[in-house]
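Data first, discussion second: the structure below is written as structure tokens.
Because the structure is predicted, anything quoted here is derived from the model rather than measured. Just so it is clear: chains get the letters A, B, ... in the order the sequence lines come, proteins before strands, and each one is counted from 1. Only heavy atoms go into these numbers, but all of them, side chains included; no hydrogens, no water, no symmetry mates.
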Protein chains: 2
Amino acid sequence: MGNENLVFEKYLQSKGLKLTQPRKIILNAAFATHEHFDVDGLYDQIRKKQKDVSRATIYRTIPLLVEAGLIKQSLRCLAKDHYEHIYGHGRHLHLICEKCGKIIEVESKETENILNKLAKKHNFNIKEFNVGAKGICNKCQK
Amino acid sequence: MGNENLVFEKYLQSKGLKLTQPRKIILNAAFATHEHFDVDGLYDQIRKKQKDVSRATIYRTIPLLVEAGLIKQSLRCLAKDHYEHIYGHGRHLHLICEKCGKIIEVESKETENILNKLAKKHNFNIKEFNVGAKGICNKCQK
DNA sequence: TTCATTCTGAGAATAAATCTCATTCTCAAT
DNA sequence: ATTGAGAATGAGATTTATTCTCAGAATGAA
Ligand SMILES: [Mn+2]
Ligand SMILES: [Mn+2]
Ligand SMILES: [Zn+2]
Ligand SMILES: [Zn+2]
């Protein structure tokens with residue numbers, strides 16, 4: 001339990017927006033797990049906790065969390081957008097198994113350094129890394 | 001004009017499928033440009049050439065081209081799946097401008113080597129690399 | 001309280017992608 | 001050349017994630 005709440009509140013204030021109850025609930029749900037998540041996942045999780053937030057509000061809140069630098073759009077599985085929180089969670093790349101859907105997270109400063117170098121060569125200002133590979137995981141190879 | 005036709009035909013034969021006229025037209029359209037493309041892009045391009053292929057057939061043919069190793073799913077822009085051909089086109093990574101949508105393609109054996117190393121450590125068998133970054137391009141920084 | 005603004009939920013609307021199905025094509029066997 | 005079985009196609013219906021609309025509720029400063 002970091003201080004995502006504080007970060008979010010600060011961001012909302014800076015935009016003249018309010019940290020309401022639904023927004024708190026959604027923020028909490030997004031940080032309740034270290035797994036990637038989608039809108040329906042959040043919705044179900046929130047409903048299990050007797051809370052009540054509409055899907056519309058979740059869809060409206062996610063861009064705010066992204067803008068605040070708390071979460072990022074991650075992968076797209078089963079035709080749905082997926083997200084993951086980034087605040088308090090080191091950058092990493094993804095190895096995604098095409099068979100079972102397993103996601104392996106790996107840290108790699110090296111790839112970042114290389115990308116930074118290439119970006120500099122093109123005068124490109126990187127905001128978000130997006131590194132990964134698809135293939136077959138250990139178990140599924142048998 | 002490589003021999004994508006031959007590759008596609010071989011693949012289709014191996015699956016008991018046929019290289020029909022619509023499939024030829026779609027294949028050609030996919031290789032007519034080195035830009036990334038989406039279904040509507042192909043559809044418009046084909047219609048401009050007086051040809052006629054339904055969207056349904058394009059949607060049905062794309063997975064075949066992917067399976068044949070001729071194209072790959074690339075980016076997702078404006079809520080649409082995008083693709084790019086890979087046959088006869090060296091692997092590369094993408095620097096995508098969030099402002100103007102410009103896509104800079106850069107080669108980098110280094111990142112591949114690193115990813116291969118990381119994959120080996122996890123007994124992961126890589127099929128497709130997916131490397132890039134989002135940010136602001138040279139021009140849009142002013 | 002008042003008042004202006006922001007938020008919210010419910011449901012309608014949008015649109016990419018998939019599916020259905022009747023018809024047409026393909027091609028190997030006769 | 002004819003036939004027949006399976007494959008392919010186009011048109012339109014369907015699905016479904018996401019966005020939009022709008023009427024009412026909450027917020028908070030004055
Ligand atoms: Mn992750
Ligand atoms: Mn490319
Ligand atoms: Zn697996
Ligand atoms: Zn740009």
Side-chain angles (χ1 to χ4, degrees), chain A residues 5 8-30 36-47 49-68 71-84 101, chain B residues 5 8-30 36-47 49-68 71-83:
Chain A
N5 270 273
F8 198 28
E9 193 168 15
K10 281 268 165 63
Y11 167 78
L12 291 171
Q13 275 177 5
S14 80
K15 296 285 180 178
L17 307 176
K18 298 158 190 171
L19 180 53
T20 62
Q21 205 57 30
R23 282 172 181 164
K24 275 185 201 164
I25 293 170
I26 294 165
L27 173 64
N28 270 17
H36 298 189
F37 59 87
D38 58 21
V39 168
D40 273 2
L42 287 188
Y43 183 71
D44 291 346
Q45 193 190 320
I46 289 169
R47 279 194 58 231
K49 294 198 175 178
Q50 325 297 337
K51 313 279 184 177
D52 195 17
V53 171
S54 75
R55 276 195 178 77
T57 300
I58 296 177
Y59 274 111
R60 281 187 287 237
T61 302
I62 281 177
L64 299 178
L65 294 173
V66 171
E67 259 300 304
I71 70 174
K72 66 170 278 197
Q73 186 166 344
S74 169
L75 309 159
R76 196 177 162 80
C77 297
L78 286 338
K80 291 180 184 180
D81 284 338
H82 281 233
Y83 301 85
E84 63 183 317
Chain B
N5 271 273
F8 197 28
E9 192 168 15
K10 281 269 165 61
Y11 167 78
L12 292 171
Q13 275 177 3
S14 78
K15 296 285 181 180
L17 307 176
K18 296 156 191 172
L19 180 52
T20 61
Q21 205 56 29
R23 283 174 181 162
K24 274 184 202 166
I25 293 170
I26 294 164
L27 174 63
N28 270 18
H36 297 188
F37 59 87
D38 58 20
V39 169
D40 272 4
L42 287 187
Y43 184 70
D44 291 346
Q45 194 189 320
I46 289 169
R47 279 194 57 231
K49 295 198 174 178
Q50 326 296 337
K51 313 279 185 179
D52 194 17
V53 171
S54 74
R55 278 195 178 76
T57 300
I58 297 177
Y59 274 112
R60 280 187 288 236
T61 302
I62 281 177
L64 299 177
L65 294 173
V66 172
E67 259 299 304
I71 70 173
K72 66 171 277 197
Q73 187 167 345
S74 170
L75 309 159
R76 198 178 160 77
C77 298
L78 287 336
K80 290 181 185 180
D81 285 339
H82 280 232
Y83 301 86

* **Neighbour count >12 (heavy atoms, 6.0 Å) for atom CZ, R47(B)** => no
Between [N] ([atom2]) and [X] ([atom1]): distance, integer Å:
X	N	atom1	atom2	value
L42(B)	dA16(C)	CG	C1'	15 Å
K80(B)	dT18(C)	NZ	C1'	17 Å
K24(A)	dC7(C)	NZ	C1'	14 Å
E9(A)	dT6(C)	CD	C1'	16 Å
Y43(A)	dG9(C)	OH	P	10 Å
L78(A)	dT15(D)	CG	P	18 Å
I58(B)	dG10(D)	CD1	P	9 Å
Q13(A)	dC7(C)	CD	P	12 Å

Considering only side-chain heavy atoms of [X], which listed nucleotide, [options], is closest?
X	options	answer
K18(B)	dT5(C), dT18(D), dG6(D)	dG6(D)
T20(B)	dG10(D), dT9(D), dT8(C)	dT9(D)
L17(A)	dT6(C), dT9(D), dT18(D)	dT6(C)
R76(B)	dA17(C), dT18(D), dG10(D)	dA17(C)

Extract from the structure each pairing of a protein N or O with an N or O of nucleotides 19-22 of chain D at less than 3.5 Å, listing the distance.
from: dT21(D); atom 1: O4; to: R60(A); atom 2: NH1; distance (Å): 3.4

* Sugar-phosphate, base or nothing in reach of D52(A), heavy atoms under 4.0 Å -> sugar-phosphate
* When we call it a touch if two heavy atoms are under 4.0 Å apart, what does D81(A) touch: a base, just sugar-phosphate, or nothing? -> sugar-phosphate
* Structure fact -> In terms of heavy-atom contacts, V53(B) and Y43(B) come closest through O-CE1, 3.2 Å
* For I46(B) and A29(B), work out which heavy atoms get closest and say how close. => CG1-CB, 3.9 Å
* Asked: Quick one: CZ on R76(B) to CG on D38(B), what's the gap to the nearest 0.5 Å?
  -> 10.5 Å
* Asked: Can you tell me if R23(A) uses its side chain to pair, donor with acceptor, with the backbone of K18(A) under 3.5 Å?
  -> yes
* **Any T57(A) side-chain nitrogen or oxygen under 4.0 Å from OP1 or OP2 of dG9(C)** => yes
* To do: Could you pick out which residue, R23(A) or H82(B), lies toward the 5' side of DNA chain C when each is mapped onto its nearest nucleotide?
  => R23(A)
* Structure fact -> Exactly one candidate in K72(A), Q73(A), H36(A) meets side-chain hydrogen bond (donor to acceptor under 3.5 Å, both in side chains) with E84(A); the answer is H36(A)
* Pick one: which of T61(B), L65(B), L64(B) meets side-chain contact (heavy atoms from CB on, under 4.5 Å) with L27(B)? -> L65(B)
